[in-house]
2 protein chains.
Amino acid sequence: MAARMTRQRTAVVEALDELADFRSAQQLHETLRARGESVGLATVYRALQALADASEVDVLRAEDGESLYRRCARREHHHHLVCRHCGSTVEIDGPTVEAWASKVAAAQGFDDIEHTIELWGTCADCRAASVS
Amino acid sequence: MAARMTRQRTAVVEALDELADFRSAQQLHETLRARGESVGLATVYRALQALADASEVDVLRAEDGESLYRRCARREHHHHLVCRHCGSTVEIDGPTVEAWASKVAAAQGFDDIEHTIELWGTCADCRAASVS
DNA sequence: ACGCTTGTTGAGAACGGTTGTCAAAGATCG
DNA sequence: CGATCTTTGACAACCGTTCTCAACAAGCGT
Ligand SMILES: [Zn+2]
Ligand SMILES: [Zn+2]
Ligand SMILES: [Zn+2]
Ligand SMILES: [Zn+2]
């Protein structure tokens with residue numbers, strides 16, 4: 001039952017800490033492999049899953065359905081503005097949106113309400129790169 | 001180049017019109033098969049894809065990643081409150097949210113902004129059913 | 001330091017939704 | 001009706017993710 005500290009687990013956490021952006025499991029796997037700190041793909045998935053369960057990482061789905069992971073600065077509920085090209089991310093607070101979402105849902109007689117609110121765009125860097 | 005009107009295409013559209021809720025491609029395929037109006041699964045996917053491209057149906061992703069389709073009453077931009085058990089749906093307007101989303105993204109220097117705003121819950125019917 | 005126990009790893013198979021393949025079927029038009 | 005050219009559908013391929021299970025190693029008691 002006790003979670004053991006393994007080389008692989010720490011490697012995944014470290015990689016996430018160094019990367020400020022949302023990354024897919026496969027990207028992380030490749031990053032680790034590239035720096036010699038090789039970890040099995042299944043293990044990367046398991047580590048990310050465990051971190052997500054512990055609310056240590058945020059997960060969101062790219063437009064193509066792939067899951068993206070990120071170790072956010074704040075642990076409290078928040079949303080993201082994400083560059084769809086490079087994964088660059090800004091954390092977003094939306095107090096008014098939070099209130100709006102729960103009010104609307106309750107007014108329709110719905111329970112166990114959750115909301116998905118994510119903003120996608122092209123960051124300044126990627127725009128500059130694509131212009132050249 | 002001209003889109004031809006085929007039995008399969010009309011069958012998919014009719015099934016969508018009769019169903020008020022978000023449904024997966026496989027659910028629709030099964031529904032059609034059950035009523036004798038048999039259509040190949042690949043064809044169901046292609047028809048839904050074409051309808052989505054023409055903005056005739058809305059598409060959203062369930063929490064498990066499956067795509068769900070619905071022919072909404074209004075063609076204009078809107079969002080949804082969806083029962084995660086039965087797909088029952090309420091269309092939602094959020095003028096304040098729209099303004100909030102574009103303002104926040106622009107303030108961070110992002111371009112080509114899109115937003116994903118969906119509300120998930122348990123509808124009154126499903127709650128009543130689960131209590132019994 | 002040394003086993004023991006038990007959680008963890010990793011290569012590959014399996015899975016599930018979705019898309020591609022391509023010969024046969026059929027919608028449209030002259 | 002016949003020619004044309006899109007559409008269909010059974011099936012394979014794809015791709016991200018999860019499962020399997022024997023080998024491995026963390027933590028612990030000695
Ligand atoms: Zn970018
Ligand atoms: Zn929120
Ligand atoms: Zn329901
Ligand atoms: Zn909107």
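Convention: sequence-line order gives letters A, B, ...; per-chain numbering from 1.
- When the C1' atom of dG16(D) is taken as reference, atom CZ of R46(A) falls 15 Å away, rounded to whole Å.
- For the pair R23(A) CZ and dG16(D) C1', the interatomic distance rounds to 18 Å; values are reported in whole Å.
- Taking the side chain of Y45(B) as heavy atoms from C-beta on, and the options dT6(D), dT19(C), dT6(C), the nearest nucleotide is dT19(C).
- Across all strands shown, S24(B) has no heavy atoms under 4.0 Å from either base or sugar-phosphate atoms.
- Taking atom CG of D64(B) as the reference point, atom P of dC15(C) lies 18 Å away to the nearest angstrom.
- Closest to the side chain of L41(A), out of dG27(D), dT17(D), dG9(D), is dT17(D).
- Closest approach to the R9(B) side chain among dG17(C), dT8(D), dT8(C) is made by dT8(D) (side chain taken as heavy atoms from C-beta onward).
- Closest approach to the A42(B) side chain among dC11(D), dT8(C), dT9(C) is made by dC11(D) (side chain taken as heavy atoms from C-beta onward).
- To the nearest angstrom, C1' of dT17(D) lies 13 Å from NE2 of H29(A).
- Summarising the geometry, the separation between CD on Q8(B) and P on dA10(D) is reported as 11 Å, rounded to the nearest angstrom.
- H79(B) and H115(B) have tilted rings, their planes meeting at an angle from 30° to 60° on a 0 to 90° scale.
- Taking the charged nitrogens against the carboxylate oxygens, E114(A) and R84(B) do have a contact shorter than 4.0 Å, which makes a salt bridge.
- To the nearest angstrom, P of dG16(D) lies 12 Å from CZ of R61(B).
- Remark: D93(A) engages R74(A) in a salt bridge, criterion side-chain N to carboxylate O under 4.0 Å.
- At the heavy-atom level, R7(B) lies under 4.0 Å from the strands shown only through sugar-phosphate atoms.
- Taking atom CZ of residue R4(B) and atom P of nucleotide dC5(D), one finds them 9 Å apart after rounding to whole Å.
- Within the 4.5 Å cutoff, the side chain of E37(A) has no heavy atoms near those of the E14(A) side chain.
- Heavy atoms of other residues, nucleotides or ligands lying less than 6.0 angstrom from CZ of R33(B) number 12 at most.
- Contact annotation: S67(A) reaches the phosphate of dT17(D) (side-chain N/O to OP1 or OP2, under 4.0 Å).
- Distances from the side chain of T43(A) to the nucleotides dG9(D), dT8(C), dG10(C) place dG10(C) closest.
- The CG-C1' distance, from L32(A) to dG10(C), rounds to 14 Å in whole Å.
- Nearest nucleotide to the M5(B) side chain, out of dG17(C), dT8(C), dT28(C): dT28(C).
- Contact between the side-chain N/O atoms of T6(B) and the OP1/OP2 oxygens of dT8(D) is found at a separation under 4.0 Å.
- Nearest to the side-chain atoms of E66(B) among the listed nucleotides dA25(D), dT17(D), dG17(C) stands dG17(C).
- Not one side-chain nitrogen or oxygen of Q26(B) sits closer than 4.0 Å to the OP1 or OP2 atom of dG16(C).
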